[in-house]
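Atom set for the values below is all heavy atoms of this structure, side chains included, hydrogens, waters and symmetry mates excluded.
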Amino acid sequence: MTDQAHGKSGTLVLGVGNTILTDEGIGPWVVERLRELNPEAPGVEWMDGGTLSFSIAASVEDAEYLIVVDATELKSEPGTVKVFVDADMDRMLGGHGRSIHEVGLMDLMNMARFADRVPQRRALVGIQPEIVDWGTEPSPRVAAAVPEAAQAVADLIKDWTGNDIRVPTAD
């Protein structure tokens, strides 16, 4: 079946993470900042995926384009932002095994593969955490990465759809 037969449309920007575990919550914080600046971006759904669950599988499967923002072990300095697109995202997720989330992102992607409903384009915007401990704010170096991560999301949306998205500036 084609994507049209599946009814795929739009871009899902999914922030993954636990916002009460300091830097672990960076994904939802980046997505929320983008949502605040672009509340009615055409064809874009902003979603706080929290710690993931099977309940968001349908949203992932229905998206033509998927951008995930998450704290990711990049073996880099805290606040480093790296973008993994399509097969690079698949390899990145496959190399990490299980996550601390209830359902791993790879599990959701595998569900979409099994249903033959993988988003046409997909990307992971990963941010290297510094501190993962109780706390409701990111560490300063990770907080400083929000504009760069948001710009990476905006660049992907522009490349894939032609739409411009406003991004936050450094505070």
Side-chain angles (χ1 to χ4, degrees), residues 11-39 41 44-53 55-56 59-60 63 65-109 119 121-160 163-171:
T11 302
L12 174 62
V13 181
L14 179 65
V16 177
N18 189 332
T19 57
I20 61 170
L21 289 176
T22 54
D23 296 345
E24 168 65 18
I26 194 64
W29 288 319
V30 169
V31 171
E32 182 54 32
R33 292 292 305 276
L34 285 164
R35 178 195 342 246
E36 289 169 359
L37 291 171
N38 303 279
V44 177
E45 178 183 359
W46 309 105
M47 181 182 285
D48 177 346
T51 57
L52 295 177
S53 74
S55 65
I56 64 172
S59 295
V60 169
Y65 307 113
L66 171 68
I67 302 170
V68 178
V69 184
D70 193 9
T72 306
E73 179 52 58
L74 302 170
K75 297 181 180 13
S76 299
E77 288 295 312
T80 299
V81 176
K82 291 189 180 176
V83 180
F84 303 89
V85 179
D86 297 332
D88 288 337
M89 176 183 176
D90 299 341
R91 280 189 290 279
M92 180 66 173
L93 295 176
H96 278 274
R98 308 299 297 179
S99 75
I100 65 169
H101 303 124
E102 175 187 334
V103 176
L105 183 55
M106 192 62 183
D107 295 324
L108 288 173
M109 296 305 298
R121 301 293 312 265
R122 59 207 172 280
L124 169 66
V125 177
I127 301 111
Q128 175 68 50
E130 181 172 21
I131 301 167
V132 178
D133 198 359
W134 295 113
T136 57
E137 298 291 329
S139 65
R141 292 201 288 180
V142 171
V146 169
E148 182 182 353
Q151 185 64 58
V153 171
D155 290 347
L156 288 163
I157 291 171
K158 177 74 171 172
D159 288 349
W160 294 349
N163 292 331
D164 287 314
I165 299 297
R166 295 180 53 220
V167 297
T169 57
D171 293 329

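Proximity of a side-chain donor or acceptor of Asp48 to a complementary backbone N or O of Pro28 within less than 3.5 Å is not detected. Formation of a donor-acceptor pair under 3.5 Å by the Asp155 side chain with backbone atoms of Ala152 is not found in this model. Listed for the Arg35 side chain is a donor-acceptor partner under 3.5 Å among the backbone atoms of Trp46. Glu73 places a side-chain N or O within 3.5 Å of a backbone atom of Lys75 that can act as its donor or acceptor partner. Remark: the backbone N or O of Lys158 is not paired with any side-chain donor or acceptor of Asn163 at under 3.5 angstrom. Checking side-chain atoms of Thr22 against main-chain N and O of Ile131 turns up a donor-acceptor pair under 3.5 Å. With hydrogens and angles disregarded, no donor-acceptor distance shorter than 3.5 Å links the side chain of Asp70 to the backbone of Thr72. A side-chain donor-acceptor contact under 3.5 Å links Asp86 to the backbone of Arg122. Distance alone, capped at 3.5 Å, places no donor-acceptor pair between the Thr80 side chain and the Pro78 backbone. A donor-acceptor pair under 3.5 Å is absent between the side-chain atoms of Glu130 and the main chain of Ser139, judged by distance alone.
Heavy atoms only, all atoms of each residue included: Leu37 and Val167 are closest at CD1-C, 3.3 Å. What you find for Ala149 and Val30 is that their closest heavy atoms are CB-CG2, 4.1 Å. Residues Gln128 and Leu74 approach most closely at OE1-N, 2.6 Å, considering heavy atoms.
A salt bridge links Asp88 and Arg91; the closest N-O separation between the charged side-chain nitrogens and carboxylate oxygens is under 4.0 Å.
Contact check for Val68 versus Val125: no side-chain heavy atoms found under the 4.5 Å cut-off.
In this view, Tyr65 and Trp160 satisfy the ring-ring contact (aromatic ring centres under 6.0 Å, His included) rule, not counting sequence neighbours.
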